[in-house]
Colleague: 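Please see the structure below; I have some questions.
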Protein chains: 2
Amino acid sequence: MSELAAALDIVGARWALLIVEQLLEGPRRYGDLQRELGMGTNMLATRLRELEAAGVLRRLPLRHNTRAYALTERGLALSAAITALRRWGAEQT
Amino acid sequence: MSELAAALDIVGARWALLIVEQLLEGPRRYGDLQRELGMGTNMLATRLRELEAAGVLRRLPLRHNTRAYALTERGLALSAAITALRRWGAEQT
DNA sequence: ACGGCGCACTTCCATTTTGAAAGTGTTAGC
DNA sequence: GCTAACACTTTCAAAATGGAAGTGCGCCGT
């Protein structure tokens, strides 16, 4: 598997990069992510589980049944790729 | 829709970036892409149609029923994003 | 000139993924 | 005790994906 395919295996799933994009601005709670992204809660739960398993983000317990999701170092390293894609998306030709 | 979402709307589909990665090395014919990527021919046809419609690549007629697919300027502009993702995928942590 | 081959697809159908909606369990505050 | 917020899970329909087989067309050897 090529390096690109390996990357897409983790962040190529729908919503995955959009979740990481939000978390680049700081930790978020589950409900925040859902409202900001406008995605279904079942998909969000699935993606967060996958991204956590891949070491992209981690759960931070806050209070009782409240926790935050924050990027790991590996998640932060996606910043360059997201910036490049965002720039490309912004170019209207 | 955010700029990232706009980009993913075009190149976020499965196989799309892998196709562009191949074409970064030069024009390819349909059968070449299929063999190099190991993907089903129905999906390849669908992706090529979408990427052509999005202005990422164009068909170049070669001979009778033979043609090549080549990146447009907009397709070449994906190089930075692909490089960033490939680098991220290569990092083993 | 005719049969088979390679090329670029399309069609069909099973499997997987995605998505909307509603439901679950827990704790906090009134 | 009652309601609300939070973080999910469950259910089921719709859409995307994938494997396999089929289509049309020109070339090439016989």
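Numbered from 1 within each chain, the chains take letters A, B, ... in sequence-line order.
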Colleague: Looking only at side-chain N and O atoms, does A:Arg63 come under 4.0 Å of OP1 or OP2 in D:dA5?
Modeller: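 The answer is no; no side-chain N or O of A:Arg63 sits under 4.0 Å from OP1 or OP2.
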Colleague: Roughly, in whole Å, what's the span from CG in A:Leu44 to C1' in C:dT18?
Modeller: 14 Å
Colleague: Would you say that B:Leu24 contacts B:Leu78 through its side chain, given a criterion of any heavy-atom pair below 4.5 Å between the two side chains?
Modeller: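 Heavy-atom side-chain distance check fails, nothing below 4.5 Å.
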Colleague: With sequence neighbours left out, what residues match B:Thr41 under side chain to side chain donor-acceptor pair (under 3.5 Å)?
Modeller: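 Residues passing side chain to side chain donor-acceptor pair (under 3.5 Å) with B:Thr41: B:Tyr30.
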Colleague: In whole Å, what is the span from the CD atom of A:Gln34 to the C1' atom of C:dA22?
Modeller: 13 Å
Colleague: Nearest 0.5 angstrom please: B:Leu85 CG to B:Arg87 CZ, how far?
Modeller: 11.0 Å
Colleague: Taking side chain to side chain donor-acceptor pair (under 3.5 Å) as the test, write out the residues that go with A:Gln22, two or more places apart.
Modeller: none
Colleague: With a 3.5 Å cut-off and sequence neighbours excluded, list the donor-acceptor pairs that the side chains of residues 8-18 of chain A form with protein atoms.
Modeller:
none

Colleague: For DNA chain D, which residues of residues 2-20 of chain A approach it to below 4.0 angstrom with any heavy atom?
Modeller: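 Heavy-atom cutoff 4.0 Å gives A:Arg14.
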Colleague: What residue pairs, at least two apart or across chains, pass salt bridge (charged side-chain N to carboxylate O under 4.0 Å, His left out) with a residue in residues 33-50 of chain A?
Modeller: A:Arg28-A:Glu36, A:Asp32-A:Arg35, A:Arg47-A:Glu50
Colleague: Checking all strands, does B:Arg29 fall into the base, sugar-phosphate, or nothing category for heavy-atom contacts under 4.0 angstrom?
Modeller: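 Result for B:Arg29 = sugar-phosphate.
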Colleague: What protein N or O atoms touch nucleotides 25-30 of chain C N or O atoms at under 3.5 angstrom, if any, and at what distances?
Modeller:
| unit_1 | atom_1 | unit_2 | atom_2 | d |
| --- | --- | --- | --- | --- |
| C:dT26 | O2 | A:Asn65 | ND2 | 2.8 |

Colleague: Please enumerate all protein N or O atoms sitting under 3.5 Å from an N or O of nucleotides 10-12 of chain C, with distances to 0.1 Å.
Modeller:
| unit_1 | atom_1 | unit_2 | atom_2 | d |
| --- | --- | --- | --- | --- |
| C:dT10 | OP2 | B:Arg49 | NH2 | 3.0 |

Colleague: To the nearest Å, how far apart are B:Arg59 CZ and C:dA8 P?
Modeller: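 That distance rounds to 11 Å.
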Colleague: Is a salt bridge present between A:Glu21 and A:Arg86, judged by a nitrogen-to-oxygen distance below 4.0 Å?
Modeller: yes
Colleague: Going by salt bridge (charged side-chain N to carboxylate O under 4.0 Å, His left out), name the pairs with one or both residues in residues 56-69 of chain A, residues two or more places apart or in two chains.
Modeller: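 Applying salt bridge (charged side-chain N to carboxylate O under 4.0 Å, His left out) to every pair that reaches into residues 56-69 of chain A, excluding sequence neighbours, yields A:Glu52-A:Arg59.
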Colleague: Please list, chain by chain and in numerical order, all residues satisfying side chain to side chain donor-acceptor pair (under 3.5 Å) with A:Gln34, sequence neighbours excluded.
Modeller: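 Once residues adjacent in sequence are excluded, A:Gln34 has no partner under the side chain to side chain donor-acceptor pair (under 3.5 Å) criterion.
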